[in-house]
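Below: the structure, in structure tokens.
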Protein chains: 2
Amino acid sequence: MKGDAVFKRTYNQAVANFALMNPGETIASENNLKITLDASRTTVRKVLFEMEAKGVISADRANRILLRRPKQQDVFPRSETMSISAQVEKKFMEWMLRTDLQPGHVINELELARQFRVSTSGIREFLNRFSRFKLIEKRPNSGWCFRGFTRDFALELFEVRELFETRSAISFATRPLDSEAWTVLKEIETEHRKLLRNITKQYHDFSDLDERFHQLINNASNNRFIVDFYDLISLIFHYHYQWNKVDERKRNQAAIVEHLDYIEALFSRDPSRIELACKSHLKSARKTLLASIKTQTPNAIENLP
Amino acid sequence: MKGDAVFKRTYNQAVANFALMNPGETIASENNLKITLDASRTTVRKVLFEMEAKGVISADRANRILLRRPKQQDVFPRSETMSISAQVEKKFMEWMLRTDLQPGHVINELELARQFRVSTSGIREFLNRFSRFKLIEKRPNSGWCFRGFTRDFALELFEVRELFETRSAISFATRPLDSEAWTVLKEIETEHRKLLRNITKQYHDFSDLDERFHQLINNASNNRFIVDFYDLISLIFHYHYQWNKVDERKRNQAAIVEHLDYIEALFSRDPSRIELACKSHLKSARKTLLASIKTQTPNAIENLP
DNA sequence: TATCGGTCTTTTATCGACAAGAGACAATGA
DNA sequence: TCATTGTCTCTTGTCGATAAAAGACCGATA
């Protein structure tokens, strides 16, 4: 009744690792595998027993040997390596976008549970966790209400984002010159330049780079609330980029140029210049996001029973 | 298996309402009671049937009449009117303070469930919700880790608080002069002056007033993230005030004086003056909070396995 | 025709069960 | 003595069941 996603994930990882070894080589000890596979020894053993049964490794447990390279084909499918809660998260986000959920929509736990083929508890737990993003709201003893990815939401999000990121960016610049962060920033700058050169072909790669760049800056705040807030931004952008592909190349190109200016400002370590670059970039990011939000009936929530 | 806290709470409310009526008076219709008692009709009916059985109201349902005033003694005890999740919240907070939980402590769901006499699901759900305050952290497939109410926590909390509240305060001042907020602020100012005159006796009442004042300001931001963050501050102060009573009178008196200055600044509608008053008050609030945090081993969390 | 109470269906809150997984301790061997 | 595997216990993740609560529908009636 618990799901064996951990086992399957670990098994797949072990297959990948053993596939790089040669038959005859000795397998690392359980305690060492525990570290490389990042699981408990209980799980590691389960994996090893399974491999033993399949004749991949020898049965002499005191001195395990790789008998043959495991076949890549008998790994578990990716979907089975996700815990139920991770699956629910994925399914919910997809469902939300696919059904184009309107603000005010009441979310029914039971219905979702049936649709996603999980128990209601799984849904409840997810919704509880998800509510921290303020996109849904609980009505006690009744269901959850979708507040909507509205214009207001985007504005409130960016208001906080701007407050947090200007603060983080300025604090980034106060780091000692030998801090590792500067090296990482330099790397990110290089990647930006490279991407800009190949923009016509690789513009899809930007969203990943974008996230790494902003996360680097926000982490500089050393503030758990600021860092945590970036989770929400990541989420929004992740799914937003999936559903709005209009002008993507152009938008990304413009953003890269802004980032380069922003990075230069950071290297200058001049607070007022940093603030300027940061604000100007966020302003245009906000504009982009707002443009992609459909016009929705205002106050949809207030009109509900 | 659901607990009947809603019924009991509604019943108590009905008893309180009926106690103000005279025998012979007509009882409002179910649909009207539903509104005054703030529950579903199903629950209202259950309450009415119970009252009917106890002979408090007549059995003629088409035209219910109060037969006698319900006795105040047979209401349900307060504890039974709390939902399980509310009980867990209360018990958890008390437990946390009572046991003086150290940073790095691993929280065991099962143990808490046994201690609080609820199922593990109840605990899980609470911890999940509570984790938004960043005082606990989940280790997947293992327990929860208490991060501790440390000096760092307080500093990070106040960093965000200051960002948010200065923003809110300045936006408060831009409200139109006929906005209701100004009236409420005036009332709060009056209460401050009153409290200051009776400070020796009523200094306990400050924490309530404090919360209302800051909440008023934060609500002016019209930003769900900012408003939401104040929940955390309320929580911290609520429990902090319960455990640190040293110099309470003196601290509160000083805070009132600062508040009055802050309020005056708001009425002046001068942004720079507001910012100054706000920052200066928050600075001393932070100082107070920090002073009350015991010196704890730094980086206690990092030292864990 | 709008409101009332009666009845029935659907949904939520909470529990207990149990397999998977984590971790502690014991036994063994180099 | 230390690391290794074997064994056992305790905890977590997930499910399904069930009572309480919400709410829809209906006929009556004023």
Side-chain angles (χ1 to χ4, degrees), chain A residues 1-10 27-34 38-49 60-64 83-88 106-114 117-128 138-144 305, chain B residues 1-10 27-34 38-49 60-64 83-88 106-114 117-128 138-144 305:
Chain A
M1 300 252 160
K2 199 195 179 186
D4 51 1
V6 175
F7 163 68
K8 288 176 174 168
R9 187 169 48 236
T10 312
I27 307 290
S29 79
E30 292 173 4
N31 277 313
N32 286 341
L33 284 174
K34 186 176 102 156
D38 189 33
S40 73
R41 193 158 74 87
T42 307
T43 304
V44 169
R45 300 189 95 223
K46 208 173 151 187
V47 168
L48 290 174
F49 294 159
D60 174 15
R61 292 177 185 168
N63 187 18
R64 281 187 254 246
S83 72
I84 294 283
S85 50
Q87 282 180 51
V88 170
V106 170
I107 294 167
N108 185 317
E109 293 179 5
L110 204 57
E111 189 192 312
L112 284 187
R114 280 192 287 250
R117 313 280 174 124
V118 294
S119 76
T120 49
S121 326
I123 301 287
R124 275 177 82 72
E125 191 185 317
F126 167 73
L127 293 174
N128 254 323
K138 179 134 199 63
R139 308 269 170 98
N141 284 312
S142 178
W144 293 83
Chain B
M1 296 251 163
K2 198 194 181 187
D4 52 1
V6 175
F7 163 68
K8 287 176 175 167
R9 187 170 47 235
T10 311
I27 306 290
S29 80
E30 291 175 4
N31 277 311
N32 286 340
L33 282 174
K34 185 176 102 156
D38 189 33
S40 73
R41 192 157 75 87
T42 307
T43 304
V44 169
R45 300 189 95 223
K46 206 172 152 189
V47 168
L48 290 174
F49 293 158
D60 174 15
R61 291 177 186 168
N63 187 19
R64 281 187 255 246
S83 71
I84 294 283
S85 50
Q87 282 179 52
V88 170
V106 170
I107 293 167
N108 185 318
E109 294 177 4
L110 203 57
E111 189 191 311
L112 285 186
R114 280 192 287 253
R117 311 282 173 126
V118 293
S119 77
T120 49
S121 324
I123 301 287
R124 277 177 79 72
E125 190 185 317
F126 167 74
L127 293 175
N128 255 322
K138 178 130 198 68
R139 308 270 169 101
N141 283 312
S142 178
W144 294 84

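Proteins come first, then strands; the chains are lettered A, B, ... in the order of their sequence lines, and each starts at number 1. FYI, side chains are in, hydrogens and waters are out, and symmetry mates aren't considered; it's all heavy atoms of this structure.
Atom CD in B:Gln87 sits about 9 Å away from atom P in C:dT14, given to the nearest Å. Regarding B:Ile84, its CD1 atom lies at a distance of 13 Å from the P atom of D:dA20, rounded to whole Å. The CG-C1' distance, from B:Leu110 to D:dT12, rounds to 9 Å in whole Å. Between B:Arg139 atom CZ and D:dG13 atom P there is a gap of 13 Å when expressed in whole angstrom units. To the nearest angstrom, C1' of D:dG23 lies 8 Å from NZ of B:Lys34. Residue B:Phe7 contributes atom CZ, which lies 16 Å from atom C1' of D:dA22 at whole-angstrom precision. If you measure from atom CG of A:Leu33 to atom C1' of D:dT5, you get 13 Å, rounded to the nearest angstrom. Spacing between atom CG of B:Asp38 and atom P of D:dA21 amounts to 14 Å, rounded to whole angstrom units.
Positionally, the nearest nucleotide of DNA chain C for A:Glu109 lies more toward the 5' end than for the other of A:Glu109 and A:Arg41. Residue A:Asn141 is the one, among B:Ser121 and A:Asn141, whose nearest nucleotide of DNA chain C lies closer to the 5' end (criterion: closest heavy atom). In terms of position on DNA chain D, the residue among B:Trp144 and B:Met1 whose nearest nucleotide sits closer to the 5' end is B:Trp144. Toward the 5' end of DNA chain D, the nearer of the two residues B:Glu111 and B:Gly3, judged by each one's closest nucleotide, is B:Glu111.
Residue B:Asp4 is in sugar-phosphate contact alone, with no base atom involved, counting any heavy-atom pair closer than 4.0 Å across all strands shown. Residue A:Thr42 is classed as a base contact, given a heavy-atom separation below 4.0 Å to a base. Among the protein residues, B:Lys138 comes within range of the sugar-phosphate backbone only, with heavy atoms under 4.0 Å from sugar or phosphate atoms but none that close to a base.
Between C:dC18 and A:Lys2, no contact under 4.0 Å exists linking OP1 or OP2 to a side-chain N or O. Dashed line: the shortest gap from a side-chain N or O of B:Asn31 to OP1 or OP2 of C:dT3 is not under 4.0 Å. Proximity of A:Arg124 to the phosphate of C:dT12: no side-chain N or O atom is located under 4.0 Å from OP1 or OP2. For B:Asn108, a side-chain nitrogen or oxygen approaches OP1 or OP2 of D:dT12 to under 4.0 Å. The side chain of B:Ser29 contributes an N or O atom lying less than 4.0 Å from OP1 or OP2 of C:dC4. One finds a side-chain N or O of B:Ser119 lying less than 4.0 angstrom from the OP1 or OP2 phosphate oxygen of C:dC15. Taking side-chain N and O atoms only, B:Arg114 has a distance below 4.0 Å to OP1 or OP2 of D:dT11. For C:dG23, the OP1/OP2 oxygens have a side-chain nitrogen or oxygen of B:Ser142 closer than 4.0 Å.
Considering only side-chain atoms of A:Val118, the nucleotide from D:dA20, C:dC4, D:dC15 that sits closest is D:dC15. In this structure, of D:dA22, C:dG5, D:dG6, it is C:dG5 that holds the atom nearest to the side chain of B:Glu30. Listed nucleotides C:dC4, C:dA22, D:dT5 differ in distance to B:Asn32; the shortest reach to its side chain belongs to C:dC4.
Across B:Thr10 and B:Ala39, no two heavy atoms sit closer than the pair OG1-CB, 3.8 Å.
Side-chain atoms of A:Glu30 and A:Arg64, non-hydrogen and from C-beta on, do get closer than 4.5 Å to each other. Taking 4.5 Å as the limit, some side-chain heavy atom of A:Leu48 sits within range of a side-chain heavy atom of A:Leu33. Contact of the A:Arg9 side chain with the A:Asp38 side chain is not registered, since no non-hydrogen atoms from C-beta on lie closer than 4.5 Å.
No donor-acceptor pair closer than 3.5 Å links the side chain of B:Asp4 to the backbone N or O of B:Phe7.
Counting heavy-atom neighbours within 6.0 Å of B:Asn31 CG, excluding the residue itself, gives a total above 12.
The distance from atom CD of B:Glu109 to atom OG of B:Ser119, rounded to the nearest 0.5 Å, is 10.5 Å.
Applying the 3.5 Å distance criterion, the base of D:dG16 shares no donor-acceptor pair with the side chain of A:Thr120.
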